[in-house]
Amino acid sequence: MKVLCMTERGIPEEKKYGKLEILDMPMPEVGDEDVLIRICYSAICGSDPHILSGMLASELPTGMGHEMCGIVEKVGAKVGKGETHRDIKVGDKVTGNFVRFCGTCFFCRNGMENLCPVLGQGWNACQAEYVLWHESQVYKIPENMDFMT
């Protein structure tokens, strides 16, 4: 699949941005609790220029973007049957939270997701053809809502 990636880090002191390229990356494998989403639209976030400028550390190549909406292409065997009970199925319109948290620990149940022990696991680039996220990161969009609304 095609993914927009930073392949060269910027140099903040020189106000020099890094290099972006579209790379062929392997399709992610869907685990039991994962949702594979075909990206329809992806936005540029305020943090993307900071990543490209080298102000935020990241490995190379780094896939860009983390805001998106799309269509569910495939779900893992346990999706809809676990603790999140999101009832996500193939063909659903979805969006999501690029930051994974479990949703079930003490911290998540009490509005302190920033302290969740799995926080941050599962980030994947959204300026791509597909993204793979854990079920807990995915939210359905109403069928009658247009992606551009």
Problem - Gap separating the CD1 atom of I141 from the CD1 atom of I71, nearest 0.5 angstrom - result: 8.0 Å
Handout entry: Over all atoms of both residues, closest heavy-atom pair of V3 and M25
Key = CG2-CG, 3.7 Å
Problem - Flag side-chain contact, heavy atom, 4.5 Å: V72 against I88 - result: yes
Problem - Nearest-0.5 Å distance, CG of residue L60 to CD of residue E8 - result: 8.5 Å
Side-chain donor-acceptor pairs under 3.5 Å in residues 37-53, sequence neighbours left out?
| unit_1 | atom_1 | unit_2 | atom_2 | d |
| --- | --- | --- | --- | --- |
| R38 | NE | E73 | OE2 | 3.0 |
| S42 | OG | E67 | O | 3.2 |
| S42 | OG | C126 | O | 3.3 |
| D48 | OD2 | C45 | N | 2.9 |
| S53 | OG | P49 | O | 3.2 |
| S53 | OG | H50 | O | 3.0 |
| S53 | OG | M55 | N | 3.4 |

Exercise for the section: Verify, without hydrogens or angle tests, whether E33 (side chain) and K78 (backbone) share a donor-acceptor contact under 3.5 angstrom. Expected result: no
Fill in the blank from the handout: Rounded to the nearest 0.5 Å, the NZ atom of K140 sits from the OG1 atom of T95 at a distance of 14.0 Å
Fill in the blank from the handout: To the nearest 0.5 Å, atom CD of Q137 lies from atom CG of L132 at 9.0 Å
Problem - salt bridge (charged side-chain N to carboxylate O under 4.0 Å, His left out) partners of D34, counting only residues at least two apart - result: none
Exercise for the section: With the side chain counted from C-beta on, respond yes when E113 and V99 share a heavy-atom pair under 4.5 Å apart, and no when they do not. Expected result: no
Problem - Expected output: side-chain K93 to main-chain M145 donor-acceptor under 3.5 Å - result: yes
Practice task
Take atom CG of L23 as the centre, draw a 6.0 Å sphere, and report whether it contains more than 12 heavy atoms from other residues, nucleotides or ligands.
Solution key: yes
Fill in the blank from the handout: CZ of R100 to CD of E135, rounded to nearest 0.5 Å, is 10.0 Å
Problem - Trace of the side chain to side chain contact (heavy atoms under 4.5 Å, CB included) decision for V35 with H134 - result: CA-CA 6 Å; V35 178; H134 186 267; over 6 Å; no
Handout entry: Which atom of C69 lies closest to which atom of F147, heavy atoms considered
Key = SG-CD2, 3.3 Å
Problem - NZ (K19) with more than 12 external heavy atoms under 6.0 Å - result: no
Exercise for the section: Please tell me if the side chains of M68 and W133 come closer than 4.5 Å, counting only heavy atoms from C-beta onward. Expected result: yes
Fill in the blank from the handout: Here the pair of heavy atoms bringing P28 nearest to L36 is CG-CD1, 3.9 Å
Practice task
Working to the nearest 0.5 Å, report the span between NE2 of H66 and CD of Q127.
Solution key: 9.5 Å
Exercise for the section: Give me the other members of the hydrophobic cluster that F106 sits in, counting Ile, Leu, Val, Met, Phe, Trp and Tyr linked by side-chain heavy atoms under 4.5 Å, directly or via other members. Expected result: F107, M112, L115
Practice task
Determine, using the 4.5 Å side-chain heavy-atom cutoff (strictly less than), whether Y17 and I11 are members of one ILVMFWY cluster.
Solution key: no
Completion exercise
Looking only at heavy atoms, the pair that brings G63 and C5 closest together is CA-SG, 4.0 Å
